[in-house]
2 protein chains.
Amino acid sequence: MKENPEGVPAPLIWTRPAPRRRHSPLERDDIVRAAIAVADEGGPQGLTMAAVAKRLGPYTPMALYRHVLSKDGLVDLMLDAVTAEIPLPAAPGADWRADLHTVADGSWAVVKRHLWFAQLAPTRPPLGPHMMRRTEFVLQVLVGRGATLGEAMTYAALLDRHILGSAQQEAEELAMRRRHGIHTPGQLAAAVTAARELAAEGGRHPLLARWMEAPSGPGLDEQFALSLGFLVDGIAARLPRGGPPA
Amino acid sequence: MKENPEGVPAPLIWTRPAPRRRHSPLERDDIVRAAIAVADEGGPQGLTMAAVAKRLGPYTPMALYRHVLSKDGLVDLMLDAVTAEIPLPAAPGADWRADLHTVADGSWAVVKRHLWFAQLAPTRPPLGPHMMRRTEFVLQVLVGRGATLGEAMTYAALLDRHILGSAQQEAEELAMRRRHGIHTPGQLAAAVTAARELAAEGGRHPLLARWMEAPSGPGLDEQFALSLGFLVDGIAARLPRGGPPA
DNA sequence: CTCTTGCGTATACGTCATAAACTCTACCTG
DNA sequence: CAGGTAGAGTTTATGACGTATACGCAAGAG
């Protein structure tokens, strides 16, 4: 990610013509797949040009640049490839709530498989073809029920914030575990204990301390469904009654 | 941020005893203030030990380590310092919705002043004293209305996701502007046009293309208030009627 | 059979965080 | 007051990491 105090804007990979390729053993798709695997295992921290190259076999990091333009370009391709995994109906159906839930739940499932997504997505413009297709679908659903385009975009953004926010929370928990080394369960306990003591310190934060002592409440999946429901209910209340205007 | 494949967990600055200091011209608070100013101007990208040191005057980057332990430690201190800016009632009042709105709106206002907050917060554990105090307040409000501790924590997390998610969206827009150089408004227009053309390409995404052509809908502040309302309404529906159990 | 064209490599540079060793000085102790 | 000591800030060095550049090579086109 080049800083850009006064220069040329860093080119987006989407504005590049698709590379004219001969048979090459290395293909853009292979690279993106490998990069996704690397990030799945090592998180955004582990996502390194060198790591991706190594995973692909006997390649140097520089070989990747021929195919993905830059690391940001690679990330853009990864984000779009993951978005492509989200199942999407061909067209909006009769039940708009079901359509929204399909997209949201599908996104949530996919994003949970690739937790780095939530951490990288907010750093890049959402201009990949699959990302745009997904947004377009949500817009179709909402505009089809009578929302204005501006409202539909608002609701789409609000749902995405919720999805990515939830994933980020899960990602942070995983990162914390990784930070302390998954390898020594004793150290994880020690870290948790330290945090607990911080919270308990001085008797401030009694509720927080009690919760850290014995975390309770629904799991993240349930939390996700719960607030998704809140949001969809809220949207429903603003949609014109009885479907789209004639 | 050290990778930690098998070693000692990176120590948190909160577990460190407060440094016993003599008069030194350089104080932890000065450093944190300077770092916040640097990040306000340059975003997370611009937040560099060297940049902070330079802003402080005739100091070398290494001088900071004496006071803030590591860059992660500095970030933790920055996050907590910004959290301290959020106005918080001393105790929950009679109107729990108003209390939640106070915290949420106050957080939103503060976070908008420091957009990097939304990008850095999800990468660090929320264990600073002011962060914990803020969470404790929200828990008090909700438990005071009859929520279980687990429910209260769920709702608190859900509200925070919304706040940080909204801020991240605004941060991304700013970052995009920065990427293309604020300095040349022509280039911003060019970038927007490029994105527009991507969306319009091939007649897929007609709605998205139309929106990018002429963005409409409420501003982010209104969007924030809107979905905050959705969420608080949802919470209200789950709270036991008529206040806390006797 | 050359000539172009694109692929992978080798090398090098700039930016960053940060470890290690050093210096200086203010204060404390005997 | 001599001498030690514990910070404070500096210097220097190291190791990731992204990526610019220049090169050699092979495969298809004429």
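In what follows, chains carry the letters A, B, and so on, assigned in the order in which the sequence lines appear, proteins first and then strands, with residues in each chain numbered from 1. Quick note: numbers below take in every heavy atom, side chains included, and nothing from hydrogens, waters or symmetry partners.
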For [X] and [N], what is the distance between atoms [atom1] and [atom2] respectively, to the nearest whole Å?
X: Leu56(B); N: dT10(D); atom1: CG; atom2: C1'; value: 16 Å
X: Met62(B); N: dC16(C); atom1: CE; atom2: P; value: 16 Å
X: Tyr59(A); N: dG6(C); atom1: OH; atom2: P; value: 19 Å
X: Met49(B); N: dA19(C); atom1: CE; atom2: P; value: 10 Å
X: Arg66(B); N: dA21(C); atom1: CZ; atom2: C1'; value: 11 Å
X: Leu64(A); N: dT9(C); atom1: CG; atom2: C1'; value: 12 Å
X: Leu69(B); N: dA19(C); atom1: CG; atom2: C1'; value: 13 Å
X: Tyr65(A); N: dC23(D); atom1: OH; atom2: P; value: 21 Å

query: Which of residues 29-40 of chain B sit near DNA chain C, with a heavy atom under 4.0 Å from it?
result: none

- line: What one should report as the nearest heavy-atom pair of Val52(A) and Ile31(A) is CG1-O, 4.0 Å

- line: Taking every heavy atom of Leu220(A) against every heavy atom of Arg161(B), the minimum-distance pair comes out as CD2-NH1, 4.1 Å

Counting side-chain heavy atoms from CB outward, which of [options] is closest to [X]?
X: Thr48(B); options: dT21(D), dT10(D), dA17(C); value: dA17(C)
X: Leu26(A); options: dA17(C), dT19(D), dG8(C); value: dG8(C)
X: Lys71(A); options: dG18(D), dT11(D), dA17(C); value: dG18(D)

query: At what distance, to the nearest 0.5 angstrom, does CE of Met153(B) lie from CD of Gln223(A)?
result: 10.0 Å

- prompt: With respect to the phosphate group of dG6(C), does any side-chain polar atom (N or O) of His67(A) fall under 4.0 Å of OP1 or OP2?
  reply: no

- prompt: Partners of His114(B) by ring-ring contact (aromatic ring centres under 6.0 Å, His included), sequence neighbours excluded?
  reply: Trp116(B)

query: With a 4.5 Å limit on heavy-atom distance, are the side chains of Val103(A) and Arg134(A) in contact?
result: yes

query: Checking all strands, does Leu47(B) fall into the base, sugar-phosphate, or nothing category for heavy-atom contacts under 4.0 angstrom?
result: sugar-phosphate

- prompt: Does the side chain of Trp108(A) come under 3.5 Å of the side chain of Asp221(A) through a donor N or O and an acceptor N or O?
  reply: yes

query: Does any pair with a residue in residues 47-57 of chain A pass side-chain hydrogen bond (donor to acceptor under 3.5 Å, both in side chains), and if so which ones, sequence neighbours excluded?
result: Glu41(A)-Arg55(A)

